[in-house]
A.B. asks: 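One structure, as structure tokens, below. Some questions next.
Side chains included, hydrogens not; waters and symmetry mates left out as well; all remaining heavy atoms used.
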Amino acid sequence: FTFPVQTLFMNKITGGLLIAATFLCASFKGDKNEQADLHTIMLIKNEGFNNSKVMETMFQMTDVNGPRLTGSAGMKSAEKWCRERLESWGLSNAKIEPWGSFGKGWEINKAYVAMTAPYYQQLIGIPKAWTPGTNGLLKGSAVLVRIESIADMAQYSGKLRGNIAVLTTMNGDTKPNFSPDASRVSDEDLRKMAMDPHTDEATTNLSQKPKAPGKPGVNLRKAIDSFLMAEGTTAILSGGRGTMGTVFTSNGASRAWNAPTVLPELEMGNEHLARIVRLLEAGKEVSLEIDTKTTFDTEDSTEFNVVAEIPGTDPTLKEELVMLGGHMDSWHASTGATDNGAGTAVAMEAIRILKAIGVKPRRTIRVALWSGEEQGLLGSRGYVKNHFGDRTTMQLKPDQSNVSAYYNLDNGGGKIRGIYLQGNDELRGIFESWMEPFTDLGASTVTIRNTGSTDHISFDEVGIPGFQFIQDGLEYGTRTHHTNMDSYDRISSNDLMQASIIMASFVYHTAMRDEKLPRKALPKVNPAPNSWTR
């Protein structure tokens, strides 16, 4: 018995199609009811790759507006520029919106430090935020100060007046480094990240922001400052992690109105500080000169976020929100490109793309650019408290139930590799479906893990789905995060275009769903109103 040739041929085709269909169904991990809108994704990709404005936005945010410490003139200039640019793209309700009181503003007007003996050498040093200037050129001898406990102070009594204290607070090896500064997340790391953290193969969170180096405890450091001032010390040089001229900066005093007076303090590059330390340890005389000028803004403590939106069009759903954003503020040693000019530019570009391709979202899409993130998510927490609810009491406002999701970008300038579910397993199939079209752009991982320390937490704290994307680290932890090297030059245009496209797609699909995204159980009252980890 034989089949006709045509019948046999058709059966082979049918069998092959069934096998292919079975393979596709097995390989597709998403929710079949959440298929991505490939036509709109095509339009988003075309606009995002072929008409991108993201690097132009980066240039304006960083090179033109400069450092954006919250409360500084640079931050206010950037807020004005962002509002005007969003408005020029046709977004609605673009405004600079107050969120609450911050404290004193501060910025650097001049910074110079040099060693003048045993020979002249200009040094790398950055004034620590909210410290005073020197009130002109200051000259003095360097004195090595090692204080690890209150008892250590006695040995320096009467030896510091008129001198410059060199604190041995270096953290990091200044020897040659044979590991690359920049790296991308490997496929194996992503595979492990995708696994539940309770499994043996799971890795630690790869996109967490780098932790600050170990330093004296807050109370001990306050005691050191008081002691040095009482002893007549004129200025302080200190160090942190960072090599080859990279200085990781932060604050050296409080921004509070009633903060105690402190000495001028510069944070230095390890190689330069280590040279001074070695000379002093060898008994050599080291002379220094310092000239810094810093300005405090005490006129108004109110600070702001920038918001704008594409209004929803569905009569029933237009009062609901899909939000996206990043923080505009930076530290002061450079122009804050990877932290977080990149996230700001990507959020702006994502909503620009959606506006440019003419989407008519069912829900309103709102972009928010935060201030005060570096001091404890202050801008986003203030916004959430004003609009959605108080995390310290869990007293929620009516609009809390109207937000479908908030998407954030703030782990450097690397491309998106996936997204954190923030512990919400109901979203897995949805996000896998939405991520599927971007596997050829390197993004595919959906992990149940939580990630912290940036503005999506402000939403998660009051029961609103808030998400941070997984990103390639590049040089974030080694060279740019909070450093004098965090500039436009450390940005990859291809990575930012890719991130803008993926963020735009996730926002679009969230805005077009019949239902809001599933929510976790409402969190309990936050017992620590000022808690925050960097």
A.B. asks: E515 and R363: which non-hydrogen atoms are nearest, and at how many Å?
C.D. replies: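 What the structure gives for the nearest pair is C-NH2, 3.1 Å.
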
A.B. asks: Considering only heavy atoms from C-beta outward, does the side chain of Y488 approach that of M55 to under 4.5 Å?
C.D. replies: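 Result yes, sub-4.5 Å side-chain heavy-atom pair found.
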
A.B. asks: Determine the minimum heavy-atom distance between K128 and E267, stating which atoms define it.
C.D. replies: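 What the structure gives for the nearest pair is CE-OE1, 3.6 Å.
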
A.B. asks: Pairing donors with acceptors under 3.5 angstrom, does anything connect the side chains of H387 and E97?
C.D. replies: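 Yes, E97 and H387 have a side-chain donor paired with an acceptor closer than 3.5 Å.
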
A.B. asks: With salt bridge (Lys or Arg N to Asp or Glu O under 4.0 Å) as the test, would you mind laying out the steps for E47 and R352 before giving the verdict?
C.D. replies: CA-CA 9 Å; E47 179 66 24; R352 184 201 69 79; 2.8 Å; yes

A.B. asks: So how far is it from D314 CG to R362 CZ, rounded to the nearest 0.5 Å?
C.D. replies: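 That separation rounds to 4.5 Å.
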
A.B. asks: So how far is it from R381 CZ to D390 CG, rounded to the nearest 0.5 Å?
C.D. replies: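 One gets 11.0 Å once the value is rounded to the nearest 0.5 Å.
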
A.B. asks: Provide the closest heavy-atom pair for S433 versus A36 in the form atom of the first, atom of the second, distance.
C.D. replies: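 Between these two residues, the closest heavy atoms are O-CB, 3.9 Å.
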
A.B. asks: Answer yes if the side chains of K53 and N51 hold a donor-acceptor pair under 3.5 Å, and no otherwise.
C.D. replies: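 Side chains of K53 and N51: pair found under 3.5 Å.
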
A.B. asks: Examine Y476 together with H481 and report whether their ring centres are nearer than 6.0 Å.
C.D. replies: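 Ring centres of H481 and Y476 closer than 6.0 Å.
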
A.B. asks: Is there a donor-acceptor pair under 3.5 Å between the side chain of D399 and the backbone N or O of F388?
C.D. replies: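 Here the side-chain-to-backbone pair does not exist.
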
A.B. asks: Does a side chain donor of either N402 or E319 reach within less than 3.5 Å of an acceptor in the other side chain?
C.D. replies: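 No, because no side-chain N or O of N402 sits under 3.5 Å from a partner of the opposite role on E319.
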
A.B. asks: With rounding to the nearest 0.5 angstrom, report the CG to CG distance, L409 to L324.
C.D. replies: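 Answer rounded to 0.5 Å: 10.0 Å.
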
A.B. asks: Does one side chain, of Y406 or S458, offer a donor that lies under 3.5 Å from an acceptor on the other?
C.D. replies: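 Note: Y406 and S458 side chains miss the donor-acceptor criterion.
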
A.B. asks: Sub-3.5 Å donor-acceptor pair from the side chain of D329 to the main-chain atoms of E374, do we have one?
C.D. replies: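 It does hold such a pair.
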
A.B. asks: For G125 versus P127, what's the shortest heavy-atom pair and its separation?
C.D. replies: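 The pair with the smallest heavy-atom distance is O-CD, 4.1 Å.
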
A.B. asks: Is the closest basic N to carboxylate O distance between D189 and K192 below 4.0 Å?
C.D. replies: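 K192 and D189: not salt-bridged.
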
A.B. asks: Taking side chain as C-beta onward, heavy atoms only, is S72 less than 4.5 Å from M75?
C.D. replies: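 A side-chain contact under 4.5 Å exists here.
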
A.B. asks: Within the side chain of T335, is there an N or O that forms a donor-acceptor pair under 3.5 Å with the backbone of A337?
C.D. replies: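 Looks like no, no N/O pair under 3.5 Å.
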
A.B. asks: Would you tell me whether N65 and S77 have side-chain atoms, one donor and one acceptor, within less than 3.5 Å of each other?
C.D. replies: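 Side chains of N65 and S77: pair found under 3.5 Å.
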
A.B. asks: Can you see which heavy atom on M58 is nearest to which on L496, and at what distance?
C.D. replies: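 Reported closest heavy-atom pair: CG-CD1, 3.6 Å.
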
A.B. asks: Ring-plane angle category for W106 and F296, please: parallel below 30°, perpendicular beyond 60°, tilted otherwise.
C.D. replies: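 The arrangement is perpendicular - the two ring planes meet at more than 60°.
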
A.B. asks: Yes or no on side-chain contact (heavy atoms from CB on, under 4.5 Å) for I310 and S92, after CA distance, side-chain angles and deciding distance?
C.D. replies: CA-CA 6 Å; I310 301 175; S92 302; over 6 Å; no

A.B. asks: Test side chain to side chain donor-acceptor pair (under 3.5 Å) on D196 and H198 and set out the steps.
C.D. replies: CA-CA 5 Å; D196 189 286; H198 300 95; 2.5 Å; yes

A.B. asks: Hey, what do you get for CD (Q498) to OG (S492), rounding to the nearest 0.5 Å?
C.D. replies: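 It is 9.5 Å, given to the nearest 0.5 Å.
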
A.B. asks: Is the shortest heavy-atom distance from the side chain of W89 to the side chain of R85 under 4.5 Å?
C.D. replies: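 Touching, per the 4.5 Å side-chain cut-off.
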
A.B. asks: With ring centroids as reference points, do F304 and W99 lie under 6.0 angstrom apart?
C.D. replies: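 Ring-ring flag for F304/W99: false, centres at least 6.0 Å apart.
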
A.B. asks: Out of the candidates T338, D489, D339, only one should pair with T480 under the side-chain hydrogen bond (donor to acceptor under 3.5 Å, both in side chains) rule; please name it.
C.D. replies: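 Of the listed options, the one satisfying the test is T338.
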
A.B. asks: Strictly distance-based, threshold 3.5 Å: is any side-chain N or O of R417 a donor or acceptor partner for the main-chain N or O of V185?
C.D. replies: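 Flag set: sc R417 to bb V185 pair under 3.5 Å.
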
A.B. asks: Hey, what's the ring geometry for W331 with H482, parallel, tilted or perpendicular (30° and 60° as the breaks)?
C.D. replies: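 W331 and H482: perpendicular rings.
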
A.B. asks: For D410 and H327, which I'm curious about, is there any donor-acceptor pair between the side chains at under 3.5 Å?
C.D. replies: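 Yes, side-chain donor-acceptor contact under 3.5 Å.
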
A.B. asks: Could you tell me whether the side chain of I41 reaches within less than 4.5 Å of the side chain of H509, counting heavy atoms only?
C.D. replies: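 They are in side-chain contact.
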
A.B. asks: Which pair of heavy atoms, one from K318 and one from T364, lies closest together, and at what distance?
C.D. replies: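 For K318 versus T364, the nearest heavy atoms are O-OG1, 2.8 Å.
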
A.B. asks: Check the orientation of F459 and Y383. Use parallel for under 30°, tilted for 30 to 60°, and perpendicular for over 60°.
C.D. replies: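 Answer is tilted, since the angle falls between 30° and 60°.
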
A.B. asks: Is there a side-chain contact (heavy atoms from CB on, under 4.5 Å) between L517 and L427? Walk through the geometry before answering.
C.D. replies: CA-CA 7 Å; L517 292 183; L427 289 166; 3.9 Å; yes

A.B. asks: Indicate yes or no for a side-chain donor-acceptor contact from S505 to the backbone of I501 under 3.5 Å, with no hydrogens or angles considered.
C.D. replies: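 Flag not set: sc S505 to bb I501 has no pair under 3.5 Å.
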
A.B. asks: Rounded to the nearest 0.5 Å, how far does CD1 of I491 lie from CG of N494?
C.D. replies: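 The CG atom of N494 sits 12.5 Å away from the CD1 atom of I491.
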
A.B. asks: Can you find a side-chain donor-acceptor pair between T246 and R479 that sits under 3.5 Å?
C.D. replies: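 Side chains of T246 and R479: pair found under 3.5 Å.
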
A.B. asks: Report yes if the side chains of Q422 and T451 come closer than 4.5 Å at any heavy-atom pair, otherwise no.
C.D. replies: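 When only atoms from C-beta onward are counted, T451 and Q422 do touch, with a gap below 4.5 Å.
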
A.B. asks: Walk me through it: do S301 and S101 pass the test side chain to side chain donor-acceptor pair (under 3.5 Å)?
C.D. replies: CA-CA 5 Å; S301 67; S101 179; 2.8 Å; yes

A.B. asks: Relative to F102, does R255 satisfy both conditions: NZ or CZ under 6.0 angstrom from the six-membered ring centre, and within 45 degrees of the ring's axis?
C.D. replies: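 Yes, cation above the ring, under 6.0 Å and within 45°.
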
A.B. asks: Quick one: does L69's side chain get under 4.5 Å of I108's, heavy atoms only?
C.D. replies: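 In short, these two side chains do not touch, never coming nearer than 4.5 Å.
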
A.B. asks: Please walk me through it: do W434 and E34 pass side-chain contact (heavy atoms from CB on, under 4.5 Å)?
C.D. replies: CA-CA 7 Å; W434 295 352; E34 292 287 344; 3.6 Å; yes

A.B. asks: Would you say E84 has more than 12 foreign heavy atoms packed within less than 6.0 Å of its CD?
C.D. replies: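 Atom CD in E84 is crowded, with more than 12 foreign heavy atoms closer than 6.0 Å.
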
A.B. asks: Any side-chain heavy atom of Q471 within less than 4.5 Å of one from K415?
C.D. replies: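 No; the side chains remain at least 4.5 Å from each other.
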
A.B. asks: Rounded to the nearest 0.5 Å, what's the gap from NZ on K76 to CD on E107? Could you check?
C.D. replies: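 If we round to the nearest 0.5 Å, K76:NZ and E107:CD are 8.5 Å apart.
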
A.B. asks: Could I get the full list of side chain to side chain donor-acceptor pair (under 3.5 Å) partners for D300, not counting sequence neighbours?
C.D. replies: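 So D300 forms a side chain to side chain donor-acceptor pair (under 3.5 Å) with T302.
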
A.B. asks: Any salt bridge between E79 and R68, counting N to O under 4.0 Å?
C.D. replies: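 No salt bridge links E79 with R68.
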
A.B. asks: I'd like to know if the side chain of E309 reaches the main chain of N93, judged simply by a donor and an acceptor atom lying under 3.5 Å from each other, with no hydrogens or angles considered.
C.D. replies: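 Such a contact is absent between E309 side chain and N93 backbone.
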
A.B. asks: Test your reading of the model: is there a side-chain donor-acceptor pair from N484 to the backbone of S334, 3.5 Å cut-off?
C.D. replies: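 No; judged by distance alone, with no hydrogens or angles, the pair does not exist.
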
A.B. asks: Stepwise, does the side-chain contact (heavy atoms from CB on, under 4.5 Å) test hold for L354 with I44?
C.D. replies: CA-CA 7 Å; L354 295 176; I44 289 172; 4.0 Å; yes

A.B. asks: So do the side chains of I448 and P197 get within less than 4.5 Å of each other, counting heavy atoms only?
C.D. replies: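 When only atoms from C-beta onward are counted, P197 and I448 do touch, with a gap below 4.5 Å.
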
A.B. asks: Using a strict 4.0 Å threshold on nitrogen-to-oxygen distance, state whether D495 and R184 make a salt bridge.
C.D. replies: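 A salt bridge is present here (some side-chain N lies under 4.0 Å from a carboxylate O).
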
A.B. asks: My understanding is that only one of F467, F431, F438 makes a ring-ring contact (aromatic ring centres under 6.0 Å, His included) with F506; could you say which?
C.D. replies: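 One option only clears the test, and that one is F431.
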
A.B. asks: Tell me whether the guanidinium CZ or amine NZ of R449 lies under 6.0 angstrom from the six-membered ring centre of Y420 and within 45° of its axis.
C.D. replies: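 No, R449 and Y420 do not form such a contact.
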
A.B. asks: For N109 and T295, which I'm curious about, is there any donor-acceptor pair between the side chains at under 3.5 Å?
C.D. replies: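 Yes - a donor-acceptor pair under 3.5 Å links their side chains.
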
